[in-house]
Each structure stands twice: as structure tokens, then as C-alpha cells.
Amino acid sequence: MNRQFLIRAAFWIGVYILFVSLPFLALFLGPVPPGRGFWRELAVGLGFAGVSMMGFQFFLTGRFRRITTPYGIDVIYHFHRRISLIAFGFILAHAALLIAQSPATLSL
């Protein structure tokens with residue numbers, strides 16, 4: 001592998017991490033509600049991460065040449081499958097933490 005290939009690959013990985021972590025700015029810039037503990041904040045963070053990862057999945061399968069050139073479409077689809085399972089796990093962990101932290105939220 002040549003150096004330019006590695007630089008381009010690292011660039012696209014950095015772009016992915018940047019776009020996935022952008023929703024966390026809403027958490028850091030907004031006011032902190034009083035009375036929310038660590039577990040609730042962790043659940044909210046996992047929800048933000050899962051939703052932003054799932055939203056970005058549309059770009060991975062769009063067959064954009066600039067994205068697929070460094071890796072190849074097979075690697076992109078493999079990454080798409082793996083990262084979607086991780087995102088789904090984040091969303092399940094989000095719900096599980098909210099329910100475990102406050103079971104009363106399930107009652108109507």
C-alpha cells in the first residue's frame with residue numbers, strides 16, 4: 001500500500017468519526033438539566049451515537065466514488081453491516097439503561 005492510499009483512507013475514517021460525533025455537540029452546548037444522573041446521561045449519549053450512526057449508513061451504501069475508492073465496495077458493505085449492528089446495540093443499550101434506571105417510565 002502506498003502512502004497516498006493510507007492518507008486517503010485515514011481521512012475518510014476521520015470524516016466518519018467527525019460526522020457520527022457531531023450530534024454530541026448538542027449535548028455539550030445545551031444546558032444541563034438538573035437532577036439527571038450519570039446513567040441517564042450515558043443512555044442519552046448512546047441514543048445520540050446510535051441514531052447518528054444509523055443516519056450515516058445511507059452515505060456508506062450510496063456508492064460515492066470518493067468514499068469507495070480507497071477501500072473498495074466490498075469492504076464498504078462489510079463495514080456497513082458491522083457498524084449497523086454496533087449502532088443497533090447502542091440503541092438497545094439506550095433503551096435498556098433508561099428502563100433499568102427508571103422503570104416507572106414504562107407505565108402509562
Side-chain angles (χ1 to χ4, degrees):
M1 284 188 246
N2 62 13
R3 182 180 165 100
Q4 185 179 10
F5 173 81
L6 293 175
I7 290 172
R8 190 178 306 170
F11 170 76
W12 284 113
I13 291 170
V15 167
Y16 178 81
I17 291 171
L18 174 73
F19 278 113
V20 166
S21 62
L22 276 178
F24 286 104
L25 286 177
L27 292 175
F28 292 128
L29 296 178
V32 177
R36 286 178 32 163
F38 170 77
W39 294 107
R40 179 160 299 235
E41 292 296 329
L42 179 64
V44 169
L46 287 173
F48 267 103
V51 166
S52 65
M53 289 168 80
M54 286 208 175
F56 205 72
Q57 293 298 316
F58 292 106
F59 292 105
L60 289 177
T61 59
R63 294 186 185 218
F64 297 110
R65 288 185 193 240
R66 289 192 169 269
I67 297 173
T68 59
T69 300
Y71 307 104
I73 197 68
D74 294 338
V75 173
I76 295 293
Y77 279 132
H78 182 75
F79 178 76
H80 168 75
R81 176 170 160 51
R82 298 290 182 205
I83 209 71
S84 65
L85 294 174
I86 292 170
F88 185 67
F90 282 174
I91 291 173
L92 284 179
H94 160 76
L97 282 174
L98 286 178
I99 292 169
Q101 194 263 337
S102 179
T105 57
L106 288 177
S107 63
L108 297 175

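The minimum heavy-atom distance between S102 and R40, with the atom names listed, is CB-NH2, 3.6 Å. Shortest non-hydrogen contact noted between A49 and F90 is CB-CD1, 3.8 Å.
Residue pairs meeting the side-chain hydrogen bond (donor to acceptor under 3.5 Å, both in side chains) criterion with at least one partner in residues 41-51, sequence neighbours excluded, are R36-E41.
L92 and V44 fall into different hydrophobic clusters, where Ile, Leu, Val, Met, Phe, Trp and Tyr are joined by side-chain heavy atoms under 4.5 Å apart, directly or via other members. Note on V51: it does not cluster hydrophobically with L98, by side-chain heavy-atom contacts below 4.5 Å among ILVMFWY residues.
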Acceptor/donor pairs from residues 7-34 side chains to any protein atom, 3.5 angstrom cut, sequence neighbours excluded:
{"from": "W12", "atom 1": "NE1", "to": "R66", "atom 2": "O", "distance (Å)": "2.9"}
{"from": "S21", "atom 1": "OG", "to": "I17", "atom 2": "O", "distance (Å)": "2.8"}
{"from": "S21", "atom 1": "OG", "to": "L18", "atom 2": "O", "distance (Å)": "3.1"}

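With rounding to the nearest 0.5 angstrom, the CG atom of L85 is 9.5 Å from the NE2 atom of H80. The CE atom of M53 sits 13.0 Å away from atom CZ of F88, with the distance rounded to the nearest 0.5 Å. We find the CD1-NE2 distance between I83 and H78 to be 10.5 Å, quoted to the nearest 0.5 Å.
The closest side-chain heavy-atom distance from M54 to I91 is below 4.5 Å.
In this structure L42 satisfies the side chain to side chain contact (heavy atoms under 4.5 Å, CB included) test together with F38, W39, L46, L97, sequence neighbours excluded.
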